[in-house]
Engineer: 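Here's a structure for you.
For the single chain, residues carry numbers from 1 onward in sequence order.
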Amino acid sequence: MARSPCDLRILLLAAAAAFIYIQEKIVALEEMKIRQDEERVHLKILIQDLEKRSVQTLVNNNVAPVAAVVVMACNRPDYLQRTVESILKYQTSVASKFPLFISQDGINGEVKKKALSYNEITYMQHLDLEPVRTERPGELIAYYKIAKHYKWALDELFIKHNFARVIILEDDMEIAPDFFDYFEAAAKLLDNDKTIMAVSSWNDNGQKQFVYDPKALYRSDFFPGLGWMLTKPTWIELSPKDRQFIRPEVCRTYNFGEHGSSMGQFFRQYLEPIKLNDAHIKWNSEDLSYLKEDKFLIQFGKDVASATPLHGSDAALKAHNMDADVRIQYNDQEDFERIARQFGIFEEWKDGIPRTAYKGVVVFRYKSSRRRIYLVGPDSLSQLRFLNWTYARMKGNEILIDI
């Protein structure tokens with residue numbers, strides 16, 4: 001049945017009206033987008049201005065900051081509050097040396113509100129709405145988002161605000177009384193020894209039964225994380241190859257984050273029992289030159305060489321009955337994991353390195369005593385130049401002889 005000319009005119013008028021309506025909506029949306037973009041630019045300028053003023057307020061021009069301290073946060077306001085309160089307990093007296101920042105990833109309103117409630121802290125916000133593409137199937141997207149947040153925050157502090165050093169904390173940590181003294185003393189070592197990539201406050205095997213000496217520090221080939229400091233040149237260079245890390249025997253941070261990106265992995269077995277240092281060490285009076293690579297290699301090699309070697313599948317059992325430092329050799333990762341389980345230390349490896357290891361050697365205390373247990377890799381002794389060393393005692397003095 002044919003339509004009348006009148007019907008066609010009505011349809012054309014309706015189509016024209018719909019077209020005009022859609023065009024008006026498009027123009028309105030474009031105008032709204034332009035206004036939003038302008039608002040974002042103004043907001044960004046405002047935030048940068050506020051950050052600049054806040055940083056200027058925090059930094060005393062007469063005191064060169066040792067390091068900026070940044071707390072990395074996301075969506076846990078209660079954890080953030082506990083962390084900040086722990087930091088402020090010891091940071092207030094050294095605020096000019098260690099200006100404090102909170103860097104939030106995302107738009108969680110409660111976290112932002114909590115962060116902005118602290119007048120003595122500068123707030124930064126990282127917004128990244130781009131989709132995350134993982135390198136391998138099954139990987140957690142959260143780790144990629146965290147990595148992007150870290151890069152952004154460190155660029156802000158090193159490049160934009162020009163700090164010489166930055167200490168990175170997470171929003172589920174408490175700090176020890178000597179946390180800031182420790183990092184101030186370690187800053188000199190970090191500046192002078194280019195073989196050190198970062199200084200950490202954490203020991204993966206820092207559980208109460210495996211530590212004894214709050215002054216003891218070690219070099220490590222394994223990145224401990226969980227409260228660490230690096231310098232601006234290292235960040236710009238970002239060349240971890242052939243670099244090492246400084247870690248304490250007794251932790252200077254405590255991780256209480258049972259719920260987070262790692263989904264509580266290892267928490268009850270390894271993190272909850274960690275001992276947080278409670279002794280205030282006067283680190284600026286301590287001589288840390290023994291941590292320089294050449295000195296530490298010799299002394300650590302000497303300590304390992306002096307330990308009593310134990311062999312056999314029951315070596316761990318034998319260690320329980322010894323009253324001296326001992327060393328037990330493992331053949332490969334599977335063998336290490338077997339021995340580690342017997343003692344209760346971290347079994348995990350990353351990138352072919354056991355946690356806390358230096359030259360393949362993992363050292364920990366035996367039942368909170370002075371005694372050290374050394375788990376020694378198949379190539380560790382040669383890396384420590386053990387085969388070229390012998391010891392002689394003459395007139396009560398120990399002499400190192402290179403043969």
Side-chain angles (χ1 to χ4, degrees), residues 47-73 87 91 94-105 120-126 128 146-170 173 175 179-202 217 219-248 252-253 283-284 288-289 291-293:
I47 291 172
Q48 289 175 342
D49 184 54
L50 289 171
E51 279 184 12
K52 185 177 179 181
R53 292 181 185 179
S54 182
V55 171
Q56 288 174 342
T57 302
L58 289 173
V59 177
N60 186 333
N61 291 329
N62 297 321
V63 179
V66 174
V69 180
V70 59
V71 179
M72 309 297 284
I87 295 170
Q91 184 260 0
V94 291
S96 60
K97 292 182 179 181
F98 296 94
L100 188 55
F101 295 76
I102 292 173
S103 182
Q104 180 187 359
D105 186 29
E120 57 273 75
I121 300 175
T122 300
Y123 172 74
M124 308 190 304
Q125 187 174 24
H126 174 239
D128 184 5
I146 289 169
K148 293 178 78 171
H149 180 203
Y150 268 62
K151 182 185 184 307
W152 177 84
L154 289 170
D155 280 345
E156 288 286 297
L157 294 170
F158 278 131
I159 298 171
K160 179 180 174 181
H161 295 304
N162 200 32
F163 284 103
R165 307 174 201 88
V166 174
I167 297 171
I168 300 96
L169 291 167
E170 296 171 19
M173 293 181 177
I175 67 171
F179 177 90
F180 292 107
D181 286 348
Y182 167 71
F183 276 111
E184 183 171 7
K188 302 169 188 174
L189 184 69
L190 189 59
D191 289 343
N192 295 329
D193 189 341
K194 302 307 178 185
T195 66
I196 300 173
M197 182 177 176
V199 174
S200 175
S201 60
W202 182 259
L217 306 178
R219 292 179 76 102
S220 175
D221 298 310
F222 187 94
F223 175 53
L226 296 180
W228 50 286
M229 176 174 67
L230 78 165
T231 64
K232 181 178 180 179
T234 300
W235 174 244
I236 292 173
E237 175 192 354
L238 201 61
S239 178
K241 185 176 180 181
D242 296 328
R243 291 200 181 202
Q244 294 162 344
F245 309 90
I246 302 299
R247 68 164 181 87
R252 263 58 190 188
T253 47
W283 284 106
N284 285 328
L288 302 185
S289 62
L291 290 164
K292 290 184 177 179
E293 186 176 31

Engineer: Can you sort out the partners of Ser200 under side-chain contact (heavy atoms from CB on, under 4.5 Å), two or more places apart, ordered by chain and number?
Structural biologist: Trp202, Pro224, Trp228
Engineer: Which value, rounded to the nearest 0.5 Å, describes the distance between Ile168 atom CD1 and Ser103 atom OG?
Structural biologist: 11.0 Å
Engineer: Which heavy atom of Gln91 sits nearest to which heavy atom of Leu100, and what is that distance?
Structural biologist: NE2-CB, 3.8 Å
Engineer: Nearest 0.5 Å, please: how far is CE in Met72 from CE in Met173?
Structural biologist: 11.0 Å
Engineer: Check for a donor-acceptor pair, side chain of Asn192 on one end and backbone N or O of Lys188 on the other, with a separation under 3.5 Å.
Structural biologist: yes
Engineer: So, do Phe98 and Phe179 have ring centers that fall under 6.0 Å from each other?
Structural biologist: no
Engineer: Find the distance between CZ (Arg243) and CZ (Arg219) and round it off to the nearest 0.5 Å.
Structural biologist: 11.0 Å
Engineer: Check step by step if side-chain contact (heavy atoms from CB on, under 4.5 Å) holds for Met229 and Leu190.
Structural biologist: CA-CA 9 Å; Met229 176 174 67; Leu190 189 59; 4.1 Å; yes
Engineer: Mind listing the closest non-hydrogen atom pair of Leu157 and Ala68 along with its distance?
Structural biologist: CD2-CB, 4.5 Å
Engineer: What are the two closest heavy atoms between Phe180 and Val69, and how far apart are they?
Structural biologist: CE2-CG2, 4.0 Å
Engineer: Rounded to the nearest 0.5 Å, how far does CD1 of Ile167 lie from CG of Leu230?
Structural biologist: 10.5 Å
Engineer: Looking at CD1 of Ile146 and NZ of Lys148, how far apart are the two atoms once the value is rounded to the nearest 0.5 Å?
Structural biologist: 13.0 Å
Engineer: With Leu288, which residues qualify under side-chain contact (heavy atoms from CB on, under 4.5 Å), at least two apart?
Structural biologist: Ala185, Leu217, Trp283, Glu286, Tyr290, Leu291
Engineer: What are the two closest non-hydrogen atoms of Pro99 and Ala67, and how far apart are they?
Structural biologist: CD-O, 3.6 Å
Engineer: When rounded to the nearest 0.5 angstrom, what distance separates CG in Asp191 from OG1 in Thr234?
Structural biologist: 9.0 Å
Engineer: Residues two or more places apart in sequence or in another chain: which of them pass ring pair (Phe, Tyr, Trp, His ring centres under 6.0 Å) with His126?
Structural biologist: His149, Trp152
Engineer: Determine whether Val199 and Phe183 satisfy the following criterion, side-chain contact (heavy atoms from CB on, under 4.5 Å), listing intermediate values before the conclusion.
Structural biologist: CA-CA 8 Å; Val199 174; Phe183 276 111; 4.0 Å; yes
Engineer: Which atoms form the tightest heavy-atom contact between Thr195 and Glu293, and what is the distance?
Structural biologist: CG2-OE1, 3.2 Å
Engineer: Under the salt bridge (charged side-chain N to carboxylate O under 4.0 Å, His left out) rule, collect the residues that match up with Asp181, sequence neighbours excluded.
Structural biologist: none
Engineer: Where is the tightest heavy-atom contact between Pro248 and Tyr182, given as atom of each residue plus distance?
Structural biologist: CD-OH, 3.7 Å
Engineer: For Ile102 and Val70: C-alpha separation, side-chain torsions, deciding distance, then whether side-chain contact (heavy atoms from CB on, under 4.5 Å) applies.
Structural biologist: CA-CA 5 Å; Ile102 292 173; Val70 59; over 6 Å; no
Engineer: Just do the salt bridge (Lys or Arg N to Asp or Glu O under 4.0 Å) check on Lys292 and Asp193 with the steps written out, would you?
Structural biologist: CA-CA 7 Å; Lys292 290 184 177 179; Asp193 189 341; over 6 Å; no
Engineer: side-chain contact (heavy atoms from CB on, under 4.5 Å) with Ser220: which residues, sequence neighbours excluded?
Structural biologist: Phe222, Arg247
Engineer: With sequence neighbours excluded, what pairs up with Lys194 under the side-chain contact (heavy atoms from CB on, under 4.5 Å) test?
Structural biologist: none
Engineer: Side chains of Lys232 and Asn162: is there a donor and an acceptor less than 3.5 Å apart?
Structural biologist: yes
